[in-house]
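Structure record follows, encoded as structure tokens.
Note that the numbering runs from 1 along the sequence shown for the chain. Everything numeric in this text was worked out from a predicted model, so none of it was measured. Computed from heavy atoms alone, side chains included, the values below leave out hydrogens, waters and symmetry copies.
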Amino acid sequence: MTQRRSLNLKLVLSVFAAFLLSMAFTWFLHSRLSERDAYKLIDRTFENVEDEMSDCVEERLVLQCMAVRERIEEDGYPVDTASLQALARELHVTEISVADTNGDIVASSVTDYLASADRPAFNFKTAGGQAEDMMCLVTGPDTEYCQPYRSNTANGAWRKFIGVWMPSTGGFVEIGCDGESLRGLSRSSLMDLFRNWRVGGNGGIVVTTMSGLILSDYEEPNREGAHWEDPDSSFYWKRKEIEGFPTYIMIPKDSAAVQRDVLVGATAVLNGAALVFVALLVGFVISSFVRNQIKLQTAKELKMATDIQLAAIPNVFPPFPDETSFDIWASMDTAREVGGDFYDFYFTGPDRVLFLVADVSGKGVPAAMFMMRAKAQIKSAAQTGKPIEQVIEEANDALCEGNTSNTFVTAWAGELNIRTGHVSYVNAGHNPPIVRLGGKVEYLRSRPSLVLGAMAGVRYRVQELQLEPGDAIYLYTDGIVEQHNAAGELYGDDQLLKTVSGCSGRRGELLSAVIEDVRRHAAGAEQADDCTQLVMRYRGEPATFTGEYRPTMEDLSKASADLAKALEGVPDDCSNIMMVAADEIFANIVRYSGATDWTLTVERTRHPDGVRLVITDNGKPFDPLAHRDPDTTLCADDREVGGLGILIVKKTMSPVTYRRNNDRNILTMGKEYGDKN
């Protein structure tokens, strides 16, 4: 009996040892396979990314060429060289040429292409090579052709040429873009291209400029303008330059490790259960495992949908740290994991910014999918620079195509000229906004047009509003005013107007105050609908002073004196705080930065009164915001030396931002002291 027990024990130990050895080998094997598969996945993804980026850039440039063609046909034909040169500057292209059906250039912004006394006009047929390829454009309507970025046949300059057929003459219009123009035009189109792409679960794609500024970041959306640093050893990654943009694809190593560990662990559980609990219990374990995996996968997919939706809208505020002529803040609280509301804002020109709030009918994933489509259609049309009513009309026609679910969108969209305060807006069946004009708060009542997606071919009315410095527009969705309490009473328009009237519009305090009041009214009742808000506050053009200095104590005193003069008229409590904070930064630059020059820019806004300091230097990189704050609870002898001055800056100034650009440190500090309303 004893011998049998001993034998059984040896057999059990032998099986257990073999089991552990098998698991160790499996773990090692899958570690190597995970690394190999990660790099294979990166290489396959690069093939798709290169196609997507090329298509996106060429689509953007074709639209720009069509815009040139429309302008030429609107202005009348023929056109002279000066007009084409002005049009090229306006539309940010390097050159414009018009060719007839024989391939001769009959109008161009480049005089060398035109006929003169000693030479004929440039002819695409006889030029050969890539130029001759452009002759395919004379074959008929809707013809377009894009060449790769390479040396020009005529003068050797590097260009990317795009041509479209010109109906009025039968010839074609060609635009050429050098590297700077090519990147400038396609930059905004690439910003959202890979934001929602995921590689290997938690990995993704980052696109930067040649100088290392981030255009699109899968992990931290809306971080455009931040400086990119190569991933560390915790990632599998590769870099490739596509269409002039450095592109990175990365997969976290721990993501691959999790997949490996899950696989090895599952194998261990199943094998162990087969040895201990026999076939019946193994079947039970497997079925339980599958149910849990399905539940986790469903939750994961729902969370992914939520993340995609949140990543699709701007969520970093302030969104334009260098822009002082306006403030914009927005928020979205969804009733479910995913919602149908959205807001958006972006520049449509050097001095024009479009902002909007919209509400898709229905809820859940279908509404969220239609929301993504509506947002993309509006932005795509707006980036062509067309009037806002035409943007909304084109978006409506696109949304009506294939809309078998009869989903529609209400939207209020406005376009602000940040230099003049003029707003052009369209109301597509949306709630009227609340405006603060000259201190008076009221609803901006106007007859709304039809909702988007209901009927194609609708013409939308554009209306106008003039903002003065200090005026603001508050947009919202009906989830705010239609929130009910336990008694079924709605929050209502009157209560919303009362709440907005009593709140400040600065830095988003209005948005949080409205949401808190809506929740107070609900008193625990379930949130009925998505609650989305946006406030646009016009500040006007700032008065600016800029000084340049050397890193000497003499220039430090001069900069302090210049700042004191620029702050004349600012209340003493505010100016004294700014002088202390600025002197701390000045002293750090002179003593520690190693800079050879530095500048101070003082911007004073008109309403509400506020001051912003922008201090730049060409010294070594130093981010004061990343500096660890000293522990002020310790006595002076126990604290580390230094850091108090930076702490004073952080505590007394708001907002404070830092970035590194063109080998210069750029620190921005703000202070507002005027009217709170």
Taking C-beta and beyond as the side chain, do F370 and M372 meet within less than 4.5 Å on heavy atoms?
no

Are any non-hydrogen side-chain atoms of W237 and I251 less than 4.5 angstrom apart?
no

Decide whether T81 and T111 meet the rule of one side-chain donor and one side-chain acceptor closer than 3.5 Å.
no

Between the side chain of Y343 and the main-chain N/O of P314, is any donor-acceptor distance below 3.5 Å?
yes

Quick check: does any side chain N or O of S54 sit under 3.5 Å from a backbone N or O of E50, one acting as donor and the other as acceptor?
yes

Distance-only donor-acceptor check, side chains R89 and Q85, under 3.5 Å
no

Tightest non-hydrogen contact, residues L452 and A411, listed as CD1-CB, 4.3 Å

Between the main-chain N or O of L41 and the side-chain N or O of T45, is there a donor-acceptor pair closer than 3.5 Å?
yes

Would you call D344 and K375 a salt bridge, taking side-chain N to carboxylate O under 4.0 Å as the test?
yes

Electrostatic pair K160:E58 at N-O distance under 4.0 angstrom
yes

Examine the side chains of N618 and T596 and answer whether a donor and an acceptor come within less than 3.5 Å of each other.
yes

For the residue pair T410 / D359, report whether a side-chain donor-acceptor contact shorter than 3.5 Å exists.
no

To check you understand the geometry: which heavy-atom pair defines the closest contact between M166 and R69, and what is its length?
CA-CD, 4.1 Å

Rounded to the nearest 0.5 Å, how far apart are OG of S97 and CG of D104?
12.0 Å

Do D230 and R239 sit within salt-bridge range, that is, some charged N less than 4.0 Å from a carboxylate O?
no

How far apart are the C-alpha atoms of W329 and F317, what are their side-chain angles, what is the distance that settles it, and do they pass the ring-ring contact (aromatic ring centres under 6.0 Å, His included) test?
CA-CA 7 Å; W329 300 84; F317 297 96; 5.6 Å; yes

Is there a side chain to side chain donor-acceptor pair (under 3.5 Å) between Q64 and R60? Walk through the geometry before answering.
CA-CA 6 Å; Q64 199 74 357; R60 177 68 183 90; 2.8 Å; yes

V409 and A358: which non-hydrogen atoms are nearest, and at how many Å?
CG1-CB, 3.8 Å

Taking E241 for its side chain and T247 for its backbone only, find out whether a donor-acceptor pair lies under 3.5 Å.
no

Heavy-atom count check: over 12 atoms from other residues, nucleotides or ligands less than 6.0 Å from M66 CE?
yes

Taking C-beta and beyond as the side chain, do E603 and T601 meet within less than 4.5 Å on heavy atoms?
yes

Short side-chain to backbone donor-acceptor contact, R419 and D351, under 3.5 Å
no

With rounding to the nearest 0.5 angstrom, report the CD1 to CG distance, I162 to L63.
11.0 Å

The test is side-chain contact (heavy atoms from CB on, under 4.5 Å); show your working for R352 and L416 and say whether it passes.
CA-CA 6 Å; R352 292 179 295 130; L416 169 68; over 6 Å; no

State the OG1-CD distance between T348 and Q383, to the nearest 0.5 angstrom.
9.5 Å

Please round to the nearest 0.5 Å and tell me the distance separating atom CZ of R539 and atom CG of L467.
14.0 Å

For side-chain contact (heavy atoms from CB on, under 4.5 Å), just list the numbers for F161 and E95, CA-CA rounded to whole Å, side-chain angles, deciding distance to a tenth of an Å, and then say yes or no.
CA-CA 9 Å; F161 287 103; E95 59 184 68; 3.2 Å; yes

Between the side chains of D597 and R664, is the shortest nitrogen-to-carboxylate-oxygen separation below 4.0 Å, so that they form an ion pair?
yes

Where is the tightest heavy-atom contact between A395 and I378, given as atom of each residue plus distance?
CB-CG1, 3.7 Å

Can K238 be said to sit on top of Y248's aromatic six-ring, NZ or CZ under 6.0 Å from centre and within 45° of the ring axis?
no

Is the closest side-chain heavy-atom distance between N665 and D623 below 4.5 Å?
no

Please tell me if the side chains of V426 and R461 come closer than 4.5 Å, counting only heavy atoms from C-beta onward.
no

Can you measure from CG (L475) to CD1 (I328) and round to the nearest 0.5 angstrom?
8.5 Å

Closest non-hydrogen contact found for Q466 with T420 is NE2-O, 2.7 Å

Count the heavy atoms of every other residue, nucleotide or ligand shown that sit under 6.0 Å from CD of E548, and state whether that count exceeds 12.
no

Would you call the rings of F320 and F347 parallel, tilted or perpendicular, where under 30° means parallel and over 60° means perpendicular?
perpendicular

Determine whether M536 and V353 make a side-chain contact, defined as any pair of heavy atoms from C-beta on separated by less than 4.5 Å.
yes

Would you confirm whether N396, through its side chain, and G453, through its main-chain N or O, come within 3.5 Å as a donor-acceptor pair?
yes

Gap separating the CG atom of D100 from the CZ atom of F124, nearest 0.5 angstrom:
10.0 Å

More than 12 heavy atoms of other groups within 6.0 Å of E74 CD
yes

Looking only at non-hydrogen atoms, find the nearest pair between V462 and S424 and report the distance.
CG2-CB, 4.0 Å

For D178 and S181, which I'm curious about, is there any donor-acceptor pair between the side chains at under 3.5 Å?
no

Would you check, one step at a time, whether the test side-chain contact (heavy atoms from CB on, under 4.5 Å) holds for R36 with Y39?
CA-CA 5 Å; R36 186 197 66 179; Y39 281 111; over 6 Å; no

side-chain contact (heavy atoms from CB on, under 4.5 Å) between F345 and L354, intermediate numbers included:
CA-CA 5 Å; F345 47 82; L354 186 144; over 6 Å; no

Do any N or O atoms from the side chain of R459 and from the backbone of E389 form a donor-acceptor pair under 3.5 angstrom?
no

If we only count heavy atoms from C-beta on, is the E415 to H422 side-chain gap below 4.5 Å?
no

Do the side chains of I105 and S108 get nearer than 4.5 Å, heavy atoms only?
yes

Whether over 12 other heavy atoms sit under 6.0 Å from E180 CD:
no

